[in-house]
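Okay, so here's the structure we're looking at.
Naming: A, B, ... by sequence-line order, numbering from 1 per chain. Everything quoted here is computed from the prediction, not taken from an experiment. Because only heavy atoms are used, hydrogens play no part in the values below, and waters and symmetry mates are left out as well, while side chains stay in.
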Amino acid sequence: MNNIASTAMPGFSPVPAESVAWLGTAPVPAAPYYSPAYYELEREAVFRRSWLQLGHVSELPEPGSFIRREVEVLKASVLLVCGRDGQIRAFHNVCTHRGTQLVEAEAGRAGNFSCPYHRWSFSTDGRLLSAPDFESFGLTKEECALPAIALEICGGLIFVNFAPKISLREEMGPFADWLEKFPCAQATQFSEYVYEINGNWKLTYDNFQENYHLRFIHPRTGGAAVSDENPFGYPVKYGFHGPHRTQTIWSNPNVKPTPLQAISFGKGAQFAMADGLAGPHARDYLALFPNFFVIGTPAQSFSHTIWPLGPERSRGVIRLYWKGEDDCASRRFAREYALASARDIHAEDRAVIEAGQRGLSSGALKYVHFQVQEALCRHLFNNVNERVEAYKAELAGGAA
Amino acid sequence: MSALLPDGFAALEPFVARWAVPGTAARAARRGESSAEEREAFYGVAKDKLLPALAYLDGKKLEAFDAADNRLMDMMLSLAHVALAVEGLGDDEPRHAEMRRHMQITRSPAGV
Ligand code: FES
Ligand SMILES: [Fe+2]
């Protein structure tokens, strides 16, 4: 009799409190989620010194391809360029003569980069090629190369670090090889949507690392995530390595998709299978400190990067990764549906985060609270705060 | 004569003007500004045409689509957006449309 197998429900038990007790259980101060002073410290302590996800290799497909990315939190403009040797490099988008922003275009292809001011010209690997009347400077071209920024690629994703102490791969440990197996590693293109929000970057980010809110904020769009046995749709497990963290999303055995959802996700899953994208990462979420996470679900694999724009303002960039062109109508349909349905859910998140920020910014609260199943939020705060405290000590030491 | 859409899809012709919209962001915007009646009327007819339409269109390369094929494709892509409202959000759609306005689509393999 198959009866037993077909009716047996896998039981669900949430991650026990003991396993995340090492993160602490105390209330967390509220000021870091709105204070301008704290934000100023974070800029140096966190963002200047961390690996930041700035792009995907598919954006730089051939020698000469470039993209310009503004990193507002560091007041930096970054040029990512694929050199003649096929190597992707990052530079400050700053002419070494007198600082003019070199490239204005958001993306394109170039043989070299010529400064609009006095026409210093740089190669795609950052060397100064020529400068009018250069003899009058008494400089060598070598000392005038574009300032490079450390760059590493993992899982097809491009990361930069303005003041690296440790390589990305070393910092990621076991997560590095694992990320190489995510769909983004094989992606050749992506869909993207972007939002700005009146929300601190941590408050915004935290929304996406707890499931406690799902049933309340996504009652109609997120029904698949909750059920009687797991009413909050909590994850199956959490994992940590240094400042980075993972969760394994619970698979609801009782999902009832709507008719078009069934068609679209069915097709998406078929394509993912055929493309070799289905795999053990399918329910995995990987968060890389400070502001990036990616979800492996093959038919709707997406990343989300949250850029601070100020103590109470951020920008979210969401990308859904695709392998191969739209080679047929069904694939195009499945991708359109995947984008539209993810965007519906994220729109709901954005609205409630802003409400949270309004409350926090009033200064009414000294503390906020994280429960056991908000462990990832606590882990982010702990890691940010550790760095901010260390940086404060560094500043105090320097002043003494 | 049915020049607007490929043979077999005449039932969708009344919806061409409103829903054969090129571009993912434009389709999302059209959903956002549409009325519940418009969405339900379109969904009611189009939902059963989705699989036949995809089966027909899958028989061709996207580059080989003629104008009628492109209209049919764009309508089915609009249906993806509309179905999220009709099947999912129901009467929450107007409030939701306001929240969605902030989520700007900047890239899509189907063209923005
Ligand atoms: S500032 Fe660029 S050439 Fe002078
Ligand atoms: Fe959410």
Minimum heavy-atom distance [X]-[Y], with the two atoms named:
X	Y	value
Ser330(A)	Leu54(B)	OG-CB, 3.7 Å
Met99(B)	Glu348(A)	SD-CA, 3.9 Å
Arg343(A)	Arg100(B)	NH2-O, 3.1 Å

**Item:** Contact leader toward chain A among Arg31(B), Lys60(B), Glu98(B), where contacts are heavy-atom pairs under 4.5 Å
**Value:** Arg31(B)

**Complete:** chain A shares the most heavy-atom pairs under 4.5 Å, among Leu51(B), Asp69(B), Leu62(B), Leu57(B), with Leu62(B)

Under 4.5 Å from any heavy atom of chain A - which part of [X]:
X	answer
Met73(B)	side chain
Arg95(B)	neither
Tyr56(B)	neither

**Prompt:** So which residues of residues 105-112 of chain B are in contact with chain A at a heavy-atom cut-off of under 4.5 Å?
**Reply:** Ile105(B), Thr106(B), Arg107(B), Ser108(B), Pro109(B), Ala110(B)

**Message:** Report, in residue-number order, which members of residues 17-25 of chain B are under 4.5 Å from chain A by heavy-atom distance.
**Reply:**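 Result: Thr24(B).
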
Can you tell me how far the [atom1] atom of [X] sits from the [atom2] atom of [Y], to the nearest 0.5 Å?
X	Y	atom1	atom2	result
Leu260(A)	Met76(B)	CG	CE	9.5 Å
Met103(B)	Leu339(A)	CE	CG	10.5 Å
His81(B)	Ser341(A)	NE2	OG	10.0 Å
Arg101(B)	Arg350(A)	CZ	CZ	9.0 Å
Glu325(A)	Glu63(B)	CD	CD	9.0 Å

**Asked** Where do Ile197(A) and His102(B) land on the side-chain contact (heavy atoms from CB on, under 4.5 Å) test, with the steps shown first?
**Response** CA-CA 8 Å; Ile197(A) 180 168; His102(B) 300 278; over 6 Å; no

[atom1] ([X]) with more than 12 external heavy atoms under 6.0 Å:
X	atom1	result
Asp66(B)	CG	yes
Phe232(A)	CZ	yes
Glu62(A)	CD	yes
Glu104(A)	CD	no

Under a 4.5 Å heavy-atom cut-off, does chain B meet the side chain of [X], its backbone, both or neither?
X	result
Thr221(A)	side chain
Pro259(A)	both
Ile263(A)	side chain

**Asp58(B) bridged to Arg332(A) by N-O distance under 4.0 Å** = no

**Message:** Closer than 4.0 angstrom, basic N to acidic O: yes or no for Asp326(A) and Lys61(B)?
**Reply:** no

**Asked** Would you say Arg220(A)'s side chain and Gly88(B)'s backbone share a donor-acceptor pair under 3.5 angstrom?
**Response** no

**Message:** Are the side chains of Arg27(B) and Glu336(A) in contact, using a 4.5 Å heavy-atom criterion?
**Reply:** yes

**Request:** Could you check if a side-chain atom of Leu77(B) sits within less than 4.5 angstrom of a side-chain atom of Tyr337(A), using non-hydrogen atoms only?
**Result:** no

